[in-house]
Number of protein chains: 2
Amino acid sequence: MVTIKEIAERCGVSITTVSRVLNNKGDSISEKTKERIFRVVDELNYVPNAVARSMVTKRTNNIALIVPDISNPFFADIAKGAERTCVNRGFHLFLCNSDMDKEVEKEYIRVLRKRLVDGMIITTQNTEEYDVIFEEMLEDNYPFVFIERYSDKLADVPGVFAGNMDGAYNITKHLIELGHKDIAFITGPLVTSNARYRLEGYQRALKDHDLPVNPKLIRNGNYKVAGGYRETKTLLEQNIQFSALFASNDLMAFGAYQAVKEYGLEIPEQLSIVGFDNIDMPGVIEPQVTTMDIPAYEMAVKAVTILLDLIEGRTPKESKVYYPLKLVNKGSTAPKKEVQDFA
Amino acid sequence: MVTIKEIAERCGVSITTVSRVLNNKGDSISEKTKERIFRVVDELNYVPNAVARSMVTKRTNNIALIVPDISNPFFADIAKGAERTCVNRGFHLFLCNSDMDKEVEKEYIRVLRKRLVDGMIITTQNTEEYDVIFEEMLEDNYPFVFIERYSDKLADVPGVFAGNMDGAYNITKHLIELGHKDIAFITGPLVTSNARYRLEGYQRALKDHDLPVNPKLIRNGNYKVAGGYRETKTLLEQNIQFSALFASNDLMAFGAYQAVKEYGLEIPEQLSIVGFDNIDMPGVIEPQVTTMDIPAYEMAVKAVTILLDLIEGRTPKESKVYYPLKLVNKGSTAPKKEVQDFA
DNA sequence: CCCCCTACGTAAAACGTTTTACTAAAGTAT
DNA sequence: ATACTTTAGTAAAACGTTTTACGTAGGGGG
């Protein structure tokens with residue numbers, strides 16, 4: 001393995017000089033020397049030892065991304081955006097898949113924090129149970145950025161956020177404007193903040209339009225296909241009137257879709273369905289599910305940008321960024337018919 | 001930041017002793033001393049500096065995973081399996097998303113190889129164009145393992161592989177046994193080996209059953225939804241008889257599905273469709289697509305296991321592992337009707 | 001009483017960089 | 001000619017570990 005020392009010897013200069021040239025520091029090196037060094041570096045195909053460099057600079061140029069489940073297309077997009085941004089800026093990205101396990105996540109943070117990585121992007125959705133750790137990190141001035149993780153206590157943590165409440169409000173409004181009055185809602189796991197925000201958006205929209213919030217039309221889901229299926233089935237069998245269904249995320253909407261089809265109703269003629277997330281599913285169902293688009297890739301790019309600013313000692317231009325969401329109409333909603341012909 | 005030196009001072013012993021105790025080396029340390037050291041370590045919440053350690057051990061305990069597209073559920077599963085296995089064994093995983101770009105992949109290999117990671121898992125599918133790099137790595141004894149990357153020249157590289165040819169053979173046979181004789185086929189990008197193997201499996205099955213291989217029924221696809229859609233449409237409009245369609249991967253099968261539906265044919269009554277990969281799509285379409293299951297997660301676990309063996313100087317139990325594939329019947333195929341009622 | 005062995009431990013080198021503090025020579029202004 | 005500045009470079013410390021080679025005290029066998 002060729003080292004800087006070897007380069008120096010071959011060039012007849014000191015290690016320092018080589019280091020300076022390679023790092024573009026200290027401008028008092030003659031062009032001739034520079035050129036000679038670069039030539040030898042190329043010849044020997046020398047690449048500086050990142051570990052040794054980290055040792056003295058105290059920087060690894062690595063960051064970590066903690067996600068609950070990389071198989072979820074939303075987080076895959078996050079990972080993609082984060083990784084690309086890192087590499088573009090000379091960083092590398094550790095992937096940490098917590099599998100929704102809090103202990104795993106805690107352990108990641110504990111180990112990584114020390115010195116393996118210069119900072120972290122944390123997306124896992126969870127309760128506020130261990131804000132303690134984050135407070136500690138804040139005190140230590142350890143750089144980290146949230147993606148879609150809300151905490152009242154941690155107002156100082158930089159982060160990027162989706163406009164969940166407004167999004168849910170608007171998509172509900174979309175249904176209301178189509179004439180729907182009885183709109184069922186399937187929540188996400190309410191321990192996560194964005195699930196709560198989406199619920200709140202839904203409720204506010206109803207209230208603002210003088211519609212009652214009927215608790216019987218609200219079911220607790222889990223952001224998974226099976227949960228959407230199950231809760232929808234329950235709703236259908238409950239024999240309560242509703243002409244539209246809002247599932248808190250697309251995966252549950254897909255489950256709902258299947259339940260509705262099995263029940264024998266036409267979408268959207270007999271029942272309108274909307275989801276949330278706009279996950280990129282191949283276009284195999286007709287109609288596809290109308291949903292709110294969350295710009296995951298873009299959000300990840302932003303999060304990494306903020307993080308690298310923090311790491312490199314710059315003040316980020318913005319440290320809390322909210323992303324408004326866009327409704328993507330894919331045809332799974334229709335005006336309410338005067339006479340509802342089921343149930 | 002607390003260092004080993006501080007621990008040593010507090011315990012009144014030398015740095016060496018602390019290091020030995022922590023690494024469980026050199027057995028001549030009294031229990032009393034050990035205990036004292038562990039207590040102080042706990043108290044100060046000391047975690048050894050991984051960078052300094054790497055400096056001397058020449059090991060980073062990091063490996064890299066290079067994938068073409070983390071958004072593809074197949075590779076997301078690979079990533080998940082790889083990451084979990086790493087962490088279980090005290091390693092961390094760099095995610096490298098090449099975005100199907102050869103130059104990006106090359107650059108990854110170049111940079112990572114030096115010293116950032118102890119080894120690599122390489123899954124990107126591509127031509128044999130730069131086997132040179134791999135030959136170099138082999139010579140250097142640099143540890144790396146392939147997942148689903150075939151190369152005749154690189155027979156010595158350890159790897160895990162899916163039984164593409166047999167899988168394609170068997171799923172074609174499945175169609176033949178249902179009475180289908182005119183079976184259309186959409187290939188993957190033929191620069192990738194597994195696309196070629198799948199094509200070959202299809203052709204062999206036809207020949208073994210004395211059926212002609214009709215070149216007009218074979219279309220070149222690209223493993224993407226849009227490609228499947230486009231090629232299927234072309235096939236349908238060509239006005240050539242076929243009663244079954246085999247798409248080389250599920251994504252293309254989804255595209256095909258949509259094209260067929262739009263054309264007004266019933267699946268599977270009028271046309272049988274099969275895919276490949278068994279990617280985990282929420283169950284929203286009826287019927288879903290019959291496919292071959294590739295145990296991605298399991299394959300990744302195996303690949304990492306082999307890699308860590310190599311890194312840690314053990315001889316892997318197996319260094320080339322083939323995974324036979326299982327047909328997953330999801331109802332998108334049916335017996336051929338006597339009279340085909342379309343076209 | 002001497003020698004050797006074992007248990008317990010230490011000092012110092014090494015890993016490959018970056019960075020700090022310094023020097024020597026040449027040019028430049030007075 | 002003198003003093004100062006710029007240019008071009010160097011030697012050595014530092015980063016936090018692991019590891020190698022060594023040291024010492026006490027006990028047991030001869």
Side-chain angles (χ1 to χ4, degrees), chain A residues 1-38 40-41 44-62 90 111-118 311-313, chain B residues 1-38 40-41 44-62 90 111 113-118 312-313:
Chain A
M1 217 59 320
V2 31
T3 75
I4 197 175
K5 196 172 153 198
E6 214 172 316
I7 305 286
E9 275 164 11
R10 294 228 188 187
C11 293
V13 297
S14 75
I15 287 181
T16 313
T17 305
V18 178
S19 173
R20 284 214 184 118
V21 170
L22 262 39
N23 294 296
N24 226 354
K25 275 185 186 158
D27 30 23
S28 68
I29 310 279
S30 68
E31 277 310 316
K32 230 172 46 189
T33 308
K34 278 187 189 170
E35 199 187 307
R36 191 156 27 111
I37 289 174
F38 279 126
V40 174
V41 162
L44 301 192
N45 197 14
Y46 166 75
V47 176
N49 182 323
V51 172
R53 174 179 280 170
S54 293
M55 177 97 247
V56 29
T57 60
K58 305 286 196 186
R59 286 254 309 274
T60 61
N61 273 32
N62 297 148
V111 173
L112 294 170
R113 177 147 83 100
K114 291 298 166 174
R115 10 236 154 164
L116 267 148
V117 297
D118 299 336
I311 289 173
E312 292 171 346
Chain B
M1 217 59 320
V2 31
T3 76
I4 198 175
K5 194 173 154 196
E6 213 173 315
I7 305 288
E9 274 165 12
R10 293 228 190 187
C11 293
V13 297
S14 76
I15 288 180
T16 313
T17 304
V18 178
S19 173
R20 284 214 182 115
V21 169
L22 261 40
N23 295 295
N24 226 355
K25 274 182 188 160
D27 30 25
S28 68
I29 310 280
S30 68
E31 277 309 316
K32 229 171 48 188
T33 307
K34 279 188 189 170
E35 199 186 309
R36 188 154 29 109
I37 289 174
F38 279 126
V40 175
V41 163
L44 301 192
N45 197 14
Y46 166 75
V47 176
N49 181 325
V51 173
R53 175 179 280 172
S54 293
M55 177 98 246
V56 28
T57 59
K58 306 285 195 187
R59 286 255 308 274
T60 61
N61 273 32
N62 297 149
V111 173
R113 178 147 82 99
K114 290 301 168 172
R115 9 238 153 165
L116 267 149
V117 298
D118 299 336
E312 291 172 347

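Being a predicted model, the structure only gives us computed values, none of them experimental. Residue numbering restarts at 1 for every chain, and letters A, B, ... go by the order of the sequence lines.
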field: Within 6.0 angstrom of B:Glu312 CD, more than 12 heavy atoms from elsewhere
entry: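 Correct, the count exceeds 12.
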task: Please check if atom CZ in A:Arg59 has more than 12 non-hydrogen atoms from other residues, nucleotides or ligands closer than 6.0 Å.
output: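 Yes, because the 6.0 Å sphere around CZ of A:Arg59 holds more than 12 heavy atoms from other groups.
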Measure from the side chain of [X], starting at C-beta and using heavy atoms only, and say which of [options] lies closest.
| X | options | value |
| --- | --- | --- |
| B:Ala52 | D:dA8, C:dT18, D:dT17 | D:dT17 |
| B:Arg20 | C:dT18, C:dG9, D:dT17 | C:dG9 |
| A:Arg53 | D:dT18, C:dT17, D:dT10 | C:dT17 |
| A:Val13 | C:dG9, C:dG16, D:dT10 | D:dT10 |
| B:Lys25 | D:dT19, C:dT17, D:dG9 | D:dT19 |
| A:Ser14 | C:dG9, D:dT10, D:dG16 | D:dT10 |
| A:Thr57 | C:dG9, C:dT18, D:dT17 | C:dT18 |

query: Quick one: does B:Thr17's side chain get under 4.5 Å of B:Thr33's, heavy atoms only?
result: yes
query: Going by heavy atoms in the side chains, are A:Leu44 and A:Arg10 under 4.5 Å from each other?
result: yes
message: Tell me the bend of the helix from C:dC1-D:dG30 to C:dT30-D:dA1 as the angle between end helix axes, each from five pairs, rounded to the nearest 10 degrees.
response: 50°
So, is [X] near the phosphate of [N], with a side-chain N or O under 4.0 Å from OP1 or OP2?
| X | N | result |
| --- | --- | --- |
| A:Lys58 | D:dG16 | yes |
| A:Thr17 | D:dA8 | no |
| A:Tyr46 | C:dG16 | no |
| A:Thr33 | D:dG9 | yes |

Take the protein atom [atom1] of [X] and the nucleotide atom [atom2] of [N], then report the distance between them rounded to whole Å.
| X | N | atom1 | atom2 | answer |
| --- | --- | --- | --- | --- |
| A:Leu116 | D:dG16 | CG | C1' | 14 Å |
| A:Leu22 | C:dT18 | CG | P | 7 Å |
| B:Lys5 | C:dT10 | NZ | C1' | 15 Å |
| A:Ile4 | C:dG16 | CD1 | C1' | 8 Å |
| B:Ile15 | D:dT18 | CD1 | P | 10 Å |
| B:Asn23 | D:dT20 | CG | P | 13 Å |
| A:Arg59 | C:dT17 | CZ | C1' | 15 Å |
| A:Asn24 | C:dT19 | CG | P | 13 Å |

Classify the nucleic acid contact of [X] as base, sugar-phosphate or nothing, counting any heavy atom under 4.0 Å across all strands shown.
| X | result |
| --- | --- |
| B:Ser54 | nothing |
| B:Thr16 | base |
| B:Ser19 | base |
| B:Val51 | nothing |

- request: Working to the nearest 0.5 Å, report the span between CD of B:Glu9 and CD1 of B:Ile4.
  value: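 It comes to 11.5 Å.
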message: So, taking the atom named OG in B:Ser19 and the one named CG in B:Asn24, what distance separates them when rounded to the nearest 0.5 Å?
response: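 B:Ser19 OG to B:Asn24 CG: 11.0 Å, rounded to 0.5 Å.
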message: Assess the residue pair A:Val18 and A:Val13 against the criterion (side-chain contact (heavy atoms from CB on, under 4.5 Å)); give the C-alpha distance rounded to whole Å, side-chain angles, the decisive distance to 0.1 Å, and a yes or no.
response: CA-CA 7 Å; A:Val18 178; A:Val13 297; 3.8 Å; yes
query: Do A:Asn61 and A:Arg53 pass the side-chain contact (heavy atoms from CB on, under 4.5 Å) test, and can you show the C-alpha distance, the side-chain angles, and the key distance before you say yes or no?
result: CA-CA 10 Å; A:Asn61 273 32; A:Arg53 174 179 280 170; over 6 Å; no
query: Starting at the 5' end of DNA chain C and moving along, which residue's nearest nucleotide shows up first, B:Val56 or B:Glu31?
result: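 This one resolves to B:Glu31.
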- request: Apply side-chain contact (heavy atoms from CB on, under 4.5 Å) to A:Lys34 and A:Glu31, showing your working.
  value: CA-CA 5 Å; A:Lys34 278 187 189 170; A:Glu31 277 310 316; 3.9 Å; yes
